[in-house]
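The basis for the numbers below is simple: all heavy atoms, side chains too, and nothing from hydrogens, waters or symmetry mates. Every chain is numbered from 1, with letters handed out A, B, ... down the list of sequences.
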Number of protein chains: 2
Amino acid sequence: MKSPTVTQTMIARKLGVSQVTVSRAIRGLPQVNNSLRNRILAEAKRCGYVPDATNFEARMMRRRANGVRPRTDVICAIVVDEDDPFGFGGRLLRGMNEEAHQTNCEVVILTHINGALPRIVLRHQVDGMIRMLGDLEMARGVLPSPIPWVSILYEVPGADLVTVDNAAGGLTLGRLLAAKGHRRVAFIGPDTHLARERLSGLRQGLAETGGDIPAEWTFLRPFVCNDDSTKDLLDEIFTRFRMAGRTIPPFTALAAYNDFMAELAVRSALQHGLRVPEDLSITGFDGALPSRLRETLPLTTIAVPLEELGAEAVRLVHWRLEHPTALRRKVVLDGQLILGRTLSAPPPHLPEET
Amino acid sequence: MKSPTVTQTMIARKLGVSQVTVSRAIRGLPQVNNSLRNRILAEAKRCGYVPDATNFEARMMRRRANGVRPRTDVICAIVVDEDDPFGFGGRLLRGMNEEAHQTNCEVVILTHINGALPRIVLRHQVDGMIRMLGDLEMARGVLPSPIPWVSILYEVPGADLVTVDNAAGGLTLGRLLAAKGHRRVAFIGPDTHLARERLSGLRQGLAETGGDIPAEWTFLRPFVCNDDSTKDLLDEIFTRFRMAGRTIPPFTALAAYNDFMAELAVRSALQHGLRVPEDLSITGFDGALPSRLRETLPLTTIAVPLEELGAEAVRLVHWRLEHPTALRRKVVLDGQLILGRTLSAPPPHLPEET
DNA sequence: TTGTAAGCGTTATCAA
DNA sequence: TTGATAACGCTTACAA
């Protein structure tokens, strides 16, 4: 429990050299006689001298005296009180840890921010911060931070950004829908910026061949990540069109904001007697974890490269450290189209309305 | 991006007092004239002096010179590369953050250990470590750590332990099964220490009225946390007894290691034409997150107080800091019986075999 | 009640 | 190639 501090001075005394020489030998500076260096390193090893452990504070303090903010090679990821039902956090972290490992760096995580800067940030123990999930407001509270600051997926003013091209992903899906012959498509999603980006891409892709997602089939709802509200909405949609005397809705495809909603849509459609994709094509977005349904009926979706986003966030922190005064930077990655089995040509018996 | 270091000396010069007086005023030592103290604190505030931020290193270094290891009020939780499919981590963390907050402390998380001590530990930036999920082998690698070290749920040699009384929980369930009239019970679970503890409690509870979980109905398998292996096992079990010419298995209840397996068991039993609980009672263990199935058919289970475990782990770190030489300590919490609807009296038509 | 001096362990500078 | 010295910002001991 007790760590008997081993210092450079102790090593120096033992070998009858000056402490400064020990410092030089340990830091690998060239101006040390080779045999002396070896003796010093051997002795350091023998008595358990570890530069980081012995006196990190002294080293940092002295280095800062030089005017430069010394690196700690630790990056802090922030996930505020998030339930992370889709397991995004794990995949982002995998990417971050992987990249950090390759750049001789470590990632620590905070899940609770108390309005103020976290202690490890305040104390200059981390080089940069990555906001990866959770509340954006929190990010604003922490923002006047003296260190590089990267946000993943969501814009935070003043922070560099790593995100995925939602509009481009939507465009890809929209074009695919159009190519299959779909003209009238519905959309369900939360009323958020991200959802609107995906929606606008979808619309643009459909528009290229005269298709559309009309306003009356655009179902934007406040986002609650839980089955029930989405299920209710879907029930309402499918029921409404059945009550209007039709067995199938007046749109031939349903684009969902994410895979979670898409999967619920598939289930709901099946329950309401629609065949997927024969009667109704359904698309998702995210490429989340595999589920049981997905084994039998894989979604057509845009996979978001979460591991890559995490790795890129770490790279962006490093880049910002090298370019502290550079303009704010965005890194935009492309999602990848996954061809599942929920998208086909529209049913032939549906009259194309104008 | 640049933090213009404000020092006590700067404040001192500005007010024409000595730096030591500033130090005393800021630390709230009694021997400072009140009006002077106020002037100093006002100036410190004005120019943005924050003790932690300005020079944490210097303070720590000087304090360590006094022979005591100074506190950082930061605790490190370790979750190694765990997928955490049950959301345990979130609940443990909630409890830890809550308790930490109340004791003016912060929790940071590590999800990747590279064989060696994490940097923030090596650098004396945390007061203690809590192993909360994931690989135990990793814990052993990190173990010769100079700081307090608490493990949650799993024994780690040399570390203090916070756990739940698995045997007592099993006993409660066993007695409940016995009281309902069950004499022959089966068990499924992984081949782990935890599972054996729960199993032994179950057996003991059943034994009080002559019941048992015989060896041939004790299905211990290497633990893979994924649907398929468990589903296969269950299929095998239920199929075997059907192929032997019976429509219902020769046991009247199935105790599962955890709620995850219990829920799969319920599904599997239903698929094999058994009514739950009329033909087969099923019990779980954990009290994990609610699922869709659980809304319609809630499990009878033992809820593990995860938030409390997390909070207790933080308390244990603090306790250990106060009692560095005390013997290794275990804190054992009790699970709480949740009466669901998967447990009833055994079917009357089953002859009680001896 | 306030100030002076010493020292924590390191790195940078200059001299030998 | 090595050493002596100063400094980083702070806390403690002792003196005024």
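A straight line from CG of A:N66 to P of D:dA6 spans 18 Å, rounded to a whole angstrom. Rounded to whole Å, the distance from CG on B:D52 to P on D:dG9 is 16 Å. The distance between atom CZ of B:R63 and atom P of D:dG9, rounded to the nearest whole Å, is 17 Å. A straight line from CZ of B:R62 to C1' of D:dA7 spans 16 Å, rounded to a whole angstrom. Between B:M60 atom CE and D:dC8 atom C1' there is a gap of 17 Å when expressed in whole angstrom units. At whole-Å resolution of the value, CZ in A:R69 and C1' in D:dC8 are 16 Å apart. Taking atom CG of A:N55 as the reference point, atom P of D:dG9 lies 16 Å away to the nearest angstrom. Following rounding to the nearest Å, B:M10 (CE) and D:dC8 (P) show an atom-to-atom distance of 12 Å.
Taking the charged nitrogens against the carboxylate oxygens, B:E322 and B:R315 have no contact shorter than 4.0 Å, which rules out a salt bridge.
Residues meeting the ring-ring contact (aromatic ring centres under 6.0 Å, His included) test with A:H101, sequence neighbours left out: none. Taking the side chain to side chain donor-acceptor pair (under 3.5 Å) definition, one finds that A:N34 meets it with nothing, sequence neighbours left out. With sequence neighbours excluded, the residues satisfying side-chain contact (heavy atoms from CB on, under 4.5 Å) with A:L161 are A:S151, A:E155, A:T163, A:R328, A:K330. Considering only residues two or more places apart in sequence or on other chains, A:E307 meets the side-chain contact (heavy atoms from CB on, under 4.5 Å) condition with A:R91, A:R94. Scanning for side chain to side chain donor-acceptor pair (under 3.5 Å) contacts around A:R46 gives A:E43, with sequence neighbours left out.
Comparing A:Q8 and A:Q31 along DNA chain C, the residue whose closest nucleotide (by nearest heavy atom) sits nearer the 5' end is A:Q8.
Within 4.0 Å (heavy atoms only), B:A58 reaches at least one base atom of the nucleic acid. Nucleic acid contact class of B:R64 (heavy atoms, under 4.0 Å, all strands): none.
Contacts classified as salt bridge (Lys or Arg N to Asp or Glu O under 4.0 Å) and involving residues 113-123 of chain A (residues at least two apart or in different chains) are given here: A:R119-B:D73, A:R119-B:E106, A:R123-B:D52. Applying the salt bridge (Lys or Arg N to Asp or Glu O under 4.0 Å) definition to pairs two or more places apart or across chains, none involves residues 13-27 of chain A.
Between the side chains of A:N97 and B:T111, at least one donor N or O lies within less than 3.5 Å of an accepting N or O.
Bending across the helix from C:dT1-D:dA16 to C:dA16-D:dT1, expressed as the angle between its end axes from five pairs apiece, amounts to 40° (10° rounding).
Only A:S18, A:V20, A:T21, A:R24, listed by number, bring a heavy atom of residues 18-30 of chain A to less than 4.0 angstrom from any atom of DNA chain D.
In this model, no side-chain donor or acceptor of A:R59 finds a partner on the base of C:dT10 within 3.5 Å.
In this model, the phosphate group of C:dT10 is approached by a side-chain N or O of A:Y49 to a distance below 4.0 Å at OP1 or OP2.
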